[in-house]
Amino acid sequence: MTALSDREWRLLPERARDGPTTMALDEVAARTAVEEGVRTVRVYSWEPSTLSLGYRQDPDTVDWEYCEREGIGVTRRQTGGGGIYHDRRADISYSVVAPADELPGDLMESYDLLCEPILDAFERMGVPASFADEELPAVHQPCCYLRAIHPAHDILAGGKKISGNAQYRQRDAVIQHGSLSFDLAPENHLGVFADPETTTEAFRERVTSIREHVDISREEAVRALEGALADWCDADEGDWSEDELERARDLADQKYATDDWTRRRAAPDAVE
């Protein structure tokens with residue numbers, strides 16, 4: 001991408017953090033992109049395991065007792081869609097953050113552009129992945145991986161969902177984050193919901209994973225994703241500044257870790 005690679009980008013290699021801090025760092029990266037001109041691509045994991053709720057998702061859909069019993073944190077994303085269970089093994093997550101005026105204003109064009117490195121990563125892994133050819137009906141609405149399949153942002157392999165991606169705007173920046181399924185954890189994906197109204201067998205019929213297609217380690221899959229992101233925008237490996245980390249800690253404490261944010265019912269429309 002010539003239009004992107006002539007700007008300053010940093011790659012932040014995979015690091016595990018708790019859910020509220022992870023979401024806060026996306027917001028902090030948006031401020032850095034706008035105010036300092038440093039754009040970010042990063043790969044990350046979640047510790048402890050976390051359920052990230054969609055922006056407008058009803059908290060009554062969550063089995064709070066199950067999450068507490070299993071040590072699963074709960075936070076809420078800025079993006080729409082259903083909840084996603086993340087852990088350090090089955091899930092690989094990423095974000096791309098850049099000033100909004102440097103990216104297409106059309107949402108579909110923006111998805112096409114920002115998903116290029118994700119599709120490239122799957123190709124590097126040897127996984128035959130591509131955008132969905134058509135819309136498919138929902139299996140279980142509260143669960144992101146079981147919601148209706150949309151060709152704009154859902155990536156499939158062998159006819160099953162392997163990656164979901166979403167965008168939102170923060171401080172005149174576009175943030176796209178997404179989840180790649182390295183392995184399946186259907187019991188937890190469904191267990192975090194109060195009434196999943198479906199089965200692990202139905203989950204496996206809709207969702208696939210990298211491990212089901214290729215025999216590679218999670219570390220190899222992460223390296224493929226990091227390499228694809230870095231090559232896409234010619235990013236140099238970097239790190240968060242101390243100021244960014246401090247701002248993220250404050251934002252996590254004041255927003256993403258609070259009951260007011262996580263357990264609220266009504267929210268304005270979010271972009272999925």
Side-chain angles (χ1 to χ4, degrees), residues 10 12-34 38-59 61-62 64 67 71-88 90-98 100 114 142-145 153 163-180 188-189 192 225 229 239-241 243-272:
R10 62 179 174 179
L12 304 180
E14 187 185 39
R15 182 89 179 268
R17 289 185 170 89
D18 62 83
T21 303
T22 293
M23 293 295 91
L25 284 169
D26 271 352
E27 196 166 330
V28 167
R31 176 174 169 179
T32 298
V34 172
V38 179
R39 301 141 194 85
T40 298
V41 289
R42 69 178 178 122
V43 180
Y44 53 92
S45 56
W46 309 67
E47 189 174 36
S49 299
T50 300
L51 168 64
S52 69
L53 299 176
Y55 191 38
R56 291 176 284 123
Q57 187 166 351
D58 187 343
T61 61
V62 178
W64 296 95
C67 292
I72 298 170
V74 182
T75 190
R76 187 180 292 275
R77 305 187 307 273
Q78 289 274 19
T79 47
I84 308 176
Y85 167 77
H86 310 271
D87 62 28
R88 286 206 67 182
D91 175 270
I92 302 173
S93 295
Y94 79 91
S95 295
V96 179
V97 185
L114 299 185
C143 178
C144 181
Y145 271 86
H153 47 74
S163 174
N165 310 275
Q167 288 183 25
Y168 70 100
R169 290 180 181 241
Q170 180 76 40
R171 299 182 64 90
D172 298 321
V174 169
I175 300 169
Q176 177 168 306
H177 53 202
S179 173
L180 285 66
N188 285 334
H189 268 281
V192 295
L225 178 57
L229 287 166
D239 203 350
W240 300 105
S241 69
D243 180 62
E244 287 177 308
L245 292 174
E246 182 177 352
R247 282 189 277 120
R249 285 190 291 268
D250 290 343
L251 187 58
D253 290 342
Q254 297 168 15
K255 179 178 180 180
Y256 291 101
T258 65
D259 284 348
D260 183 58
W261 173 257
T262 302
R263 294 180 183 246
R264 69 181 185 175
R265 290 184 61 94
D269 287 349
V271 176
E272 299 180 21

Results of side-chain hydrogen bond (donor to acceptor under 3.5 Å, both in side chains) for [X] - residues two or more places apart only:
X      : result
Asn188 : Tyr66, Tyr85
Ser45  : none
Arg10  : Thr40, Glu244
Ser179 : Asp91, Tyr145

Side chain proximity check, [X] to [Y], heavy atoms < 4.5 angstrom:
X      : Y      : answer
Gln78  : Asp26  : no
His153 : Gln176 : no
Glu27  : Leu251 : yes
Thr75  : His86  : no

What's the shortest heavy-atom distance between [X] and [Y], and which atoms?
X      : Y     : value
Leu53  : Val62 : CD2-CG2, 3.6 Å
Ala248 : Ala24 : O-CB, 3.4 Å
Ile84  : Arg77 : CG1-NH1, 3.8 Å
Gly83  : Gln57 : N-OE1, 2.8 Å
Trp64  : Pro59 : NE1-O, 3.0 Å
Ala173 : Val97 : CB-CG1, 4.5 Å

Can you sort out the partners of [X] under side-chain contact (heavy atoms from CB on, under 4.5 Å), two or more places apart, ordered by chain and number?
X      : result
Ala100 : Arg169, Val174
Pro13  : Glu226, Glu237
Glu47  : Ala16, Arg88
Asp253 : none

Using the side chain to side chain donor-acceptor pair (under 3.5 Å) rule, take Thr21 and Asp18 through it: C-alpha gap first, then chi angles, then the decisive distance, then the call. CA-CA 6 Å; Thr21 303; Asp18 62 83; 3.1 Å; yes
Would you say [X]'s side chain and [Y]'s backbone share a donor-acceptor pair under 3.5 angstrom?
X      : Y      : value
Arg76  : Ser52  : no
Thr50  : Pro48  : yes
Asn165 : Gly178 : no
Trp46  : Thr22  : no
Arg42  : Ser93  : no
Arg249 : Ala252 : no

Who are the salt bridge (Lys or Arg N to Asp or Glu O under 4.0 Å) partners of Arg15, not counting sequence neighbours?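 If we apply the salt bridge (Lys or Arg N to Asp or Glu O under 4.0 Å) test to Arg15, skipping adjacent residues, there are no hits.
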Qualifying residues under salt bridge (Lys or Arg N to Asp or Glu O under 4.0 Å), relative to Asp243, sequence neighbours excluded: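 Asp243 satisfies salt bridge (Lys or Arg N to Asp or Glu O under 4.0 Å) with Arg247 only.
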What is the distance from atom [atom1] of [X] to atom [atom2] of [Y], rounded to the nearest 0.5 Å?
X      : Y     : atom1 : atom2 : result
Leu225 : Glu14 : CG    : CD    : 9.0 Å
Ile72  : Cys67 : CD1   : SG    : 5.0 Å
Thr61  : Leu51 : OG1   : CG    : 7.5 Å
Trp240 : Thr32 : CH2   : OG1   : 7.0 Å

List for me each residue that meets ring pair (Phe, Tyr, Trp, His ring centres under 6.0 Å) alongside Tyr94, sequence neighbours excluded, and say none if there are none.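 By the ring pair (Phe, Tyr, Trp, His ring centres under 6.0 Å) rule, Tyr94 matches no residue at all.
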Applying ring pair (Phe, Tyr, Trp, His ring centres under 6.0 Å), name anything that partners Trp261, two or more places apart in sequence or on another chain.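 If we apply the ring pair (Phe, Tyr, Trp, His ring centres under 6.0 Å) test to Trp261, skipping adjacent residues, the hits are Tyr55, Tyr256.
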